[in-house]
Amino acid sequence: MTEPALRTEALQKLFGGLAAVNDVSLECHVGRLHAVIGPNGAGKTTLINLLSGDLAPSGGRVELLGKEVTGLAAHRISQLGVGRSYQRTNIFMRFTAFENCRLAAQSRLPSSMRFLRPAVRYAEVNDAAARALALAGLRGRAGVVAAELSHGERRQLEVAMTLATQPKVLLLDEPLAGMGAEESARMVELLRTLVAGHAMLLVEHDMDAVFALADTLTVMVNGNVLASGTPDEIRANDEVQKAYLGDADD
């Protein structure tokens, strides 16, 4: 297997005396989806916040594309090739889907602080925004104001905005949250398509989606890794059954 695009070693985050993330080591490879599951309070979102730079770790190491990025600010990690989505949709409701993606793409210009030239004149930015919308399945919704999109389409738009930054690593925090069956199915197909060109770390509570998509699963409980392995290995793990998935005999 090739070198991981993202690697953590003994990653830790302390809040006072509480270890929200404790001694977590994992790898994410391009072309593979690594899912992190666990009950509420397990430390999953805190882990993503550490990987994206939204939180500084208390200990351990983070490597991105072979380079140590431990403790770098979120904007630096983003510029180095990490894109993330959030549990709560994080888009500009009054802008169109295309305008949202164009703003995301513009952040990749050598200087995004160019106020005297209209954004519509940056061909590379517009092309990146259009490609991202197409990849996310929103090509036909480019001109629609975000506030008028369905919940599922807004989640797709957030993924599209992430793609517009041209990341190598995608950190996705519950992208299926609040979706109905049809919208969830669309998102699962989208993620299955995107993983071919990205290293993907997925936090998700929809177990059907997780086991359909994941190449590797890491199970967290109380900030610690309980188990890590293939979907079949996790299904068969007695400790996981007791702590999270439920007793197989129930």
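Note that the structure is predicted; figures quoted are calculated from it, not measured. Sequential numbering from 1 along the given sequence is applied to the chain's residues.
Of the possible polar contacts, one joining the Thr70 side chain to the Val62 backbone as a donor-acceptor pair under 3.5 Å is found. Although no hydrogens or angles enter the test, the distance criterion places a donor-acceptor pair under 3.5 Å between the side chain of Asn224 and the main chain of Asn222. Not one N or O on the side chain of Arg131 forms a donor-acceptor pair closer than 3.5 Å with the backbone of Asn126. Side chain of Glu99 to backbone of Thr96: a donor-acceptor contact under 3.5 angstrom is found. Distance alone, capped at 3.5 Å, places no donor-acceptor pair between the Arg84 side chain and the Ser52 backbone. No donor-acceptor pair under 3.5 Å is formed between the side chain of Ser78 and the backbone N or O of Ala74.
Between Ala104 and Met161, the shortest heavy-atom contact is CB-O, 3.3 Å. Nearest heavy-atom pair across Ala5 and Ala199 is CB-CB, 3.8 Å. The heavy-atom pair separating His34 from Thr218 by the smallest distance is NE2-OG1, 2.7 Å. Heavy-atom minimum distance, Leu64 versus Gly81: CD2-N, 4.5 Å.
Atoms CD and OG, on Glu204 and Ser184 in that order, are 7.5 Å from each other to the nearest 0.5 Å.
Hydrophobic side-chain contacts under 4.5 Å tie Val195 into a cluster, directly or through other members, with Leu33, Leu135, Val159, Leu163, Leu170, Leu172, Leu176, Met179, Met187, Val188, Leu190, Leu191, Leu194, Met200, Leu202, Leu213. Within the hydrophobic cluster formed by Ile, Leu, Val, Met, Phe, Trp and Tyr side chains joined at under 4.5 Å, directly or through other members, Tyr86 stands alone, with no partner residue.
The number of heavy atoms from other shown groups lying within 6.0 Å of CG (Asp54) is above 12.
Between Glu189 and Arg192, at least one side-chain nitrogen of the basic residue sits less than 4.0 Å from a carboxylate oxygen of the acidic one, meeting the salt-bridge criterion. Ion pair Arg154/Glu158 not flagged as a salt bridge, since none of the NZ, NE, NH1 or NH2 atoms sits closer than 4.0 Å to an Asp/Glu carboxylate oxygen.
Looking at residues two or more places apart in sequence or on another chain, you find a ring-ring contact (aromatic ring centres under 6.0 Å, His included) between Phe92 and Phe95.
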Under 3.5 Å donor-acceptor pairs involving side-chain atoms of residues 7-14, not counting sequence neighbours:
from: Arg7; atom 1: NE; to: Glu63; atom 2: OE1; distance (Å): 3.4
from: Arg7; atom 1: NH1; to: Glu27; atom 2: OE2; distance (Å): 2.9
from: Arg7; atom 1: NH2; to: Glu3; atom 2: OE1; distance (Å): 3.2
from: Thr8; atom 1: OG1; to: Val24; atom 2: O; distance (Å): 3.0
from: Thr8; atom 1: OG1; to: Leu26; atom 2: N; distance (Å): 3.0
from: Gln12; atom 1: NE2; to: Asn22; atom 2: OD1; distance (Å): 3.1
from: Lys13; atom 1: NZ; to: Ala56; atom 2: O; distance (Å): 2.8

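Sorted by first then second residue, the salt bridge (charged side-chain N to carboxylate O under 4.0 Å, His left out) pairs that include residues 139-150, not counting sequence neighbours, are Arg141-Glu153. Under the side-chain hydrogen bond (donor to acceptor under 3.5 Å, both in side chains) criterion, no residue pair touches residues 206-215, with sequence neighbours excluded.
Side-chain contact annotation: Thr45 with Asp173, donor-acceptor N/O pair under 3.5 Å present.
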